[in-house]
Amino acid sequence: MTILTKLLCAFICSFAVTAIVGAVLVPALRKIKAGQMIREDGPVWHKKKQGTPTMGGLMFIAGILVSCFAVGFKELSSGNPVHIIVFVFALIYGAIGFLDDYEKLKKKQNLGLTAKQKFALQLVVAIVLIILLRRFGYVSPNVYIPFFGVTVPINEIVYYVLAAFIIEGCVNAVNITDGVDGLVTGVSIP
């Protein structure tokens, strides 16, 4: 199976499972009133999002889990667990998001974890992920410059800091654009 075929199978599998789980999960979250609280000082058009279910990321986690095992089973059984390592760390990031959403629902306001709490938790997770991937040989302390095919070796500590902040930035970029009608999809696909 070529890499393109694997990627296509993973996409189709993840999409199908996410759609099926979402069809059940979203109404269930609405039923238990696990909806967003919208801040009073926001734009008027944003008020229509009041009650939009939070914790919908669970359906994406389900889709990715099924895809990891369905498409990545051969690699996993041959002793290459890299996709499972990355999935576990995605789960940990999901747990941080869940904790944030839970705090919002518990307090019945749009404030969950503080920015410092989220940043610290996400940074620790990113650093541990990079150290593990480096230790198992999945990444190297080099910066690849696309389009030029140039690889620049850098100091290992500088690499860890740079990689952790890139992961942190990507996670927060998706988090910030999530909830702005279709924006996260539009920037994540490319």
Side-chain angles (χ1 to χ4, degrees), residues 10 14 17-18 21 25 29 34-37 39 52-69 71-72 75-76 79-146 151-180 183-190:
S14 290
V17 171
T18 300
V21 171
L25 181 66
L29 289 172
Q36 288 184 15
M37 304 298 291
R39 294 170 56 148
T52 299
T54 62
M55 295 185 253
L58 293 171
M59 64 187 170
F60 297 106
I61 290 172
I64 294 168
L65 176 65
V66 171
S67 183
C68 276
F69 284 104
V71 178
E75 284 81 8
L76 185 62
N80 182 1
V82 70
H83 58 290
I84 299 301
I85 292 171
V86 173
F87 177 72
V88 166
F89 279 88
L91 276 178
I92 295 169
Y93 275 110
I96 294 169
F98 181 86
L99 181 61
D100 185 42
D101 286 347
Y102 178 76
E103 287 294 315
K104 290 175 186 175
L105 293 172
K106 188 172 80 173
K107 295 176 185 174
K108 299 210 182 298
Q109 59 182 350
N110 201 20
L111 300 170
L113 297 173
T114 66
K116 286 180 183 176
Q117 289 170 326
K118 278 193 274 193
F119 181 80
L121 287 170
Q122 292 171 345
L123 190 59
V124 167
V125 172
I127 290 168
V128 171
L129 173 63
I130 292 299
I131 289 170
L132 279 176
L133 290 176
R134 177 74 182 113
R135 185 153 200 203
F136 288 116
Y138 292 115
V139 294
S140 62
N142 299 320
V143 174
Y144 175 72
I145 302 171
T151 301
V152 180
I154 60 174
N155 177 287
E156 190 116 4
I157 299 299
V158 173
Y159 173 78
Y160 288 133
V161 171
L162 180 64
F165 278 101
I166 288 171
I167 291 171
E168 181 88 10
C170 290
V171 166
N172 282 293
V174 169
N175 195 23
I176 289 168
T177 56
D178 186 27
V180 180
L183 185 58
V184 75
T185 304
V187 298
S188 294
I189 287 175

Side-chain donor-acceptor pairs of residues 154-167 under 3.5 Å, sequence neighbours excluded:
residue : atom : partner : partner atom : Å
N155    : OD1  : I157    : N            : 2.8
N155    : OD1  : V158    : N            : 3.3
E156    : OE2  : R134    : NE           : 2.8
E156    : OE2  : Y160    : OH           : 3.1

Gap separating the CD1 atom of I61 from the CZ atom of F98, nearest 0.5 angstrom:
10.0 Å
Hey, could you give me the CZ/CG distance between R135 and L132, rounded to the nearest 0.5 Å?
8.0 Å
Quick check on side chain to side chain contact (heavy atoms under 4.5 Å, CB included): which of I85, V139, V124 does L129 satisfy it with?
I85
Only pairs under 3.5 Å count here: list side-chain donor-acceptor contacts from residues 87-95, not counting sequence neighbours, and write none if there are none.
residue : atom : partner : partner atom : Å
Y93     : OH   : Q122    : O            : 3.0
Y93     : OH   : A126    : N            : 3.4

How about V171 and E168: do any of their side-chain heavy atoms sit closer than 4.5 Å?
no
Listing request: all salt bridge (Lys or Arg N to Asp or Glu O under 4.0 Å) pairs with a residue in residues 118-132, at least two apart in sequence or in separate chains.
D100-K118
Minimal non-hydrogen separation, C68 against I84, with atom names
CB-CD1, 4.2 Å
For F60, what residues pass the side chain to side chain contact (heavy atoms under 4.5 Å, CB included) criterion, not counting sequence neighbours?
T18
What residues form a side chain to side chain contact (heavy atoms under 4.5 Å, CB included) with L121, not counting sequence neighbours?
I96, L113
Start with the C-alpha gap between V82 and L133, add the side-chain angles, then the distance that decides, and say whether side chain to side chain contact (heavy atoms under 4.5 Å, CB included) holds.
CA-CA 8 Å; V82 70; L133 290 176; 4.1 Å; yes
For S67, side-chain hydrogen bond (donor to acceptor under 3.5 Å, both in side chains) partners two or more places apart:
S14
